[in-house]
Amino acid sequence: MNIAIFVSGSGTNCENLIKYFANSERVHCALVVSNKADAYGLVRAERLGVPTAVMPKAQLNDEATMMALMRQYGIDFIVLAGFLPLIPDFLIDAYPRRIVNLHPALLPKYGGKGMWGHHVHEAVKAAGETETGMTVHYVTPVCDSGEIIAQYSCALSPDDTADDIAAKEHQLEMEYFPQVVEQVLKTIS
């Protein structure tokens with residue numbers, strides 16, 4: 001099964017997924033796509049021998065361009081790992097229940113427009129939450145509203161800064177995200 005990983009930033013989860021599936025007989029990380037040419041995730045992918053493509057907003061939203069790219073690499077499944085743009089409806093329609101997203105909070109809290117990266121951790125801190133976590137969910141046309149596949153949480157201390165919260169949540173991502181993706185892929189023939 002060929003998967004594409006979509007990234008917008010540093011790509012630590014992208015690299016983790018590529019390494020996790022490196023020796024898999026069933027799952028192949030076939031392509032990394034970014035909406036930003038300077039996303040460090042592209043460098044990580046290239047270092048690990050995975051082809052990359054840059055798809056700025058206009059190309060991402062162009063059905064002929066995106067679907068040609070997906071066909072070129074035989075993509076069966078898409079993983080959003082820190083990808084910020086909304087996924088166009090045509091891609092969601094082409095990959096029903098075959099696009100998953102990682103969100104750095106326990107949805108439905110701290111989801112939706114503007115809730116990404118450090119904005120999420122700052123909101124968690126401002127609300128005085130006693131726990132945070134990560135959510136993996138199916139992608140639908142409504143931001144962060146798809147069916148939840150898995151959630152993992154960790155305790156927070158009142159002394160934790162937004163950076164501390166981010167670090168704790170990121171540890172969960174590193175440990176659990178590849179496993180969740182693998183479990184979802186096992187349900188697909």
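All heavy atoms count here, side chains included; hydrogens, waters and symmetry mates do not.
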Novice: So, Glu147 and Arg97, do they make that salt bridge, N to O below 4.0 Å?
Specialist: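 Result for this pair is yes, salt bridge flagged.
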Novice: Which residues pass the side chain to side chain contact (heavy atoms under 4.5 Å, CB included) test with Asn35, not counting sequence neighbours?
Specialist: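 Asn35 satisfies side chain to side chain contact (heavy atoms under 4.5 Å, CB included) with Ser8, Phe83, Pro85 once adjacent residues are dropped.
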Novice: Is there a side chain to side chain contact (heavy atoms under 4.5 Å, CB included) between Ser153 and Glu131 once you walk through the steps?
Specialist: CA-CA 7 Å; Ser153 63; Glu131 71 173 358; 3.5 Å; yes
Novice: With no hydrogens and no angle check, do the side chains of Tyr152 and Glu173 hold a donor and an acceptor under 3.5 Å apart?
Specialist: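 Their side chains do not contain a donor-acceptor pair, so the 3.5 Å distance test is not met.
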Novice: For a 4.5 angstrom cut-off between non-hydrogen side-chain atoms, does His103 reach Val120?
Specialist: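 Of all side-chain heavy-atom pairs linking Val120 with His103, at least one is under 4.5 Å.
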Novice: Assess the residue pair Ile188 and Asp76 against the criterion (side chain to side chain contact (heavy atoms under 4.5 Å, CB included)); give the C-alpha distance rounded to whole Å, side-chain angles, the decisive distance to 0.1 Å, and a yes or no.
Specialist: CA-CA 10 Å; Ile188 298 172; Asp76 301 301; over 6 Å; no
Novice: Side-chain contact, heavy-atom cut-off 4.5 Å: Val100 with Val139?
Specialist: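 SC-SC contact between Val100 and Val139 ruled out.
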Novice: Does any part of the side chain of Cys154, heavy atoms only, come nearer than 4.5 Å to the side chain of Leu172, both counted from C-beta?
Specialist: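 Heavy-atom side-chain distance check passes, below 4.5 Å.
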Novice: Can you name the closest pair of heavy atoms from Pro56 and Gln59 and give their distance?
Specialist: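 Looking at all heavy atoms of both residues, the closest pair is CD-OE1, 2.7 Å.
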Novice: Determine whether Leu91 and Met70 satisfy the following criterion, side chain to side chain contact (heavy atoms under 4.5 Å, CB included), listing intermediate values before the conclusion.
Specialist: CA-CA 10 Å; Leu91 208 52; Met70 297 297 101; 4.2 Å; yes
Novice: Consider only side-chain heavy atoms of I, L, V, M, F, W and Y, link residues closer than 4.5 Å, and tell whether Met67 and Leu69 are in one cluster.
Specialist: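 Yes, it is one cluster - the side chains of Met67 and Leu69 are joined through contacts under 4.5 Å.
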Novice: If you define the side chain from C-beta out and look only at heavy atoms, does anything of Phe21 sit under 4.5 Å from Leu185?
Specialist: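 They are in contact (side-chain heavy atoms under 4.5 Å apart), so the answer is yes.
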Novice: Side chain of Asn2, backbone of Gly74: donor and acceptor closer than 3.5 Å?
Specialist: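 Yes; at least one donor-acceptor contact below 3.5 Å.
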Novice: Group every Ile, Leu, Val, Met, Phe, Trp and Tyr by side-chain heavy-atom contacts under 4.5 Å, then state whether Val50 and Tyr20 land in the same group.
Specialist: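 In one cluster with Val50: Tyr20, yes.
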Novice: Checking side-chain polar atoms at under 3.5 Å, does Thr52 have a donor or acceptor matched by the opposite partner on Glu46?
Specialist: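 Indeed, the side chains of Thr52 and Glu46 share at least one donor-acceptor pair under 3.5 Å.
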Novice: Please say yes or no: joined through hydrophobic side-chain contacts below 4.5 Å, possibly via intermediate residues, are Tyr95 and Leu60 part of one cluster?
Specialist: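 Tyr95 clusters together with Leu60.
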Novice: Within a strict 4.5 Å, meaning less than it, do heavy atoms of the Val181 and Leu17 side chains meet?
Specialist: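 Yes, side chains in contact.
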Novice: Give the minimum heavy-atom separation between Ile99 and Leu80, together with the two atoms involved.
Specialist: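 Scanning both residues, the minimum pair turns out to be CG2-CG, 4.1 Å.
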Novice: For His119 and Glu122, test the side chains for any donor-to-acceptor distance below 3.5 angstrom and give the result as yes or no.
Specialist: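 Judged by distance alone, the side chains do not pair up.
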Novice: Taking all heavy atoms of Glu169 and all of Gly133, pick out the closest pair and write down the distance.
Specialist: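 In this case the closest contact between Glu169 and Gly133 is CG-O, 3.3 Å.
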Novice: Looking at Arg44 and Cys14, would you say the former's side chain and the latter's main chain have a donor-acceptor pair under 3.5 Å?
Specialist: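 A pair under 3.5 Å: no.
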Novice: Quick one: which of His121, Lys125, His118 gives a side-chain hydrogen bond (donor to acceptor under 3.5 Å, both in side chains) with Asp163?
Specialist: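 Of the listed options, the one satisfying the test is His118.
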Novice: Can you tell me how far apart CZ (Arg98) and OG1 (Thr187) are? Round to the nearest 0.5 Å.
Specialist: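 Result: 8.5 Å between the selected atoms.
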Novice: With a 4.5 Å heavy-atom cut-off, do Val33 and Ile5 have their side chains touching?
Specialist: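 They are not in contact (no side-chain heavy atoms under 4.5 Å apart), so the answer is no.
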Novice: Does Phe6 form a side chain to side chain contact (heavy atoms under 4.5 Å, CB included) with Met55? I'd like the steps, not just the answer.
Specialist: CA-CA 10 Å; Phe6 286 28; Met55 292 285 149; over 6 Å; no
Novice: Is the backbone N or O of Ala81 less than 3.5 Å from a side-chain atom of Asn13, with the two atoms forming a donor-acceptor pair by type?
Specialist: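 No, the answer is negative, given that no donor and acceptor are paired below the 3.5 Å cut-off.
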Novice: Could you tell me which non-hydrogen atom of Leu42 sits nearest to which non-hydrogen atom of Ala37, and how far apart they are?
Specialist: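 Looking at all heavy atoms of both residues, the closest pair is CD1-O, 3.6 Å.
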Novice: State the CD1-NE2 distance between Ile18 and His28, to the nearest 0.5 angstrom.
Specialist: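 These two atoms lie 10.0 Å from each other.
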Novice: Are any non-hydrogen side-chain atoms of Ile3 and Val27 less than 4.5 angstrom apart?
Specialist: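 In short, these two side chains touch, coming nearer than 4.5 Å.
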Novice: Counting distance only, does the side-chain N/O of Tyr176 pair as donor-acceptor with the main-chain N or O of Ala150 below 3.5 Å?
Specialist: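 The answer is no, because no donor-acceptor pair under 3.5 Å joins these two groups.
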Novice: Test your reading of the model: is there a side-chain donor-acceptor pair from Gln151 to the backbone of Leu107, 3.5 Å cut-off?
Specialist: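 It does hold such a pair.
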Novice: Measuring from atom NZ of Lys186 to atom CD of Glu182, what distance do you get when rounded to the nearest 0.5 angstrom?
Specialist: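 Between atom NZ of Lys186 and atom CD of Glu182 there are 4.5 Å.
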Novice: Does one hydrophobic cluster hold both Leu84 and Val32, with members joined at side-chain heavy-atom distances below 4.5 Å?
Specialist: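 Shared cluster, no.
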Novice: Hydrophobic clusters here meaning ILVMFWY residues chained together by side-chain heavy-atom distances under 4.5 Å, can you tell me if Leu106 and Trp116 are in one?
Specialist: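 Shared cluster, no.
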Novice: For Asp164, does its backbone N or O pair with a side-chain atom of Thr161 as donor and acceptor, under 3.5 Å?
Specialist: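 It does hold such a pair.
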Novice: Looking at CD1 of Ile148 and NE2 of His137, how far apart are the two atoms once the value is rounded to the nearest 0.5 Å?
Specialist: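 With rounding to 0.5 Å, CD1 (Ile148) is 8.0 Å from NE2 (His137).
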Novice: Tell me, yes or no, whether the heavy-atom count around Asp93 atom CG, taken from other residues, nucleotides or ligands under 6.0 Å, exceeds 12.
Specialist: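 Yes, enclosed.
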Novice: Any donor-acceptor pair under 3.5 Å linking the side chain of Thr135 with the backbone of Ala105?
Specialist: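 Yes, because the side chain of Thr135 sits within donor-acceptor range (under 3.5 Å) of the backbone of Ala105.
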Novice: Measure the spacing between OH of Tyr40 and CD of Glu15 and express it to the nearest 0.5 Å.
Specialist: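 Interatomic distance, Tyr40 OH to Glu15 CD, rounded to 0.5 Å: 8.0 Å.
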Novice: Salt bridge check, Lys168 against Asp160: does any charged N sit closer than 4.0 Å to a carboxylate O?
Specialist: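 Judged by the 4.0 Å cut-off on N to carboxylate O distance, Asp160 and Lys168 do form a salt bridge.
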Novice: Whether the side chain of Arg26 engages the backbone of Met1 through a donor-acceptor N/O pair (distance < 3.5 Å, no angle test) should be reported.
Specialist: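 Answer holds: no.
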Novice: Rounded at 0.5 Å granularity, tell me how far CD1 in Ile165 sits from OG in Ser157.
Specialist: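 Taking CD1 in Ile165 and OG in Ser157, the distance rounds to 9.0 Å.
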Novice: Return the minimal non-hydrogen interatomic distance between Ile75 and Ala30, and the atom names on each side.
Specialist: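 Scanning both residues, the minimum pair turns out to be CD1-CB, 4.0 Å.
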Novice: Would a 4.5 Å heavy-atom cut-off, applied to side chains only, mark Ile149 and Val184 as touching?
Specialist: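 In short, these two side chains touch, coming nearer than 4.5 Å.
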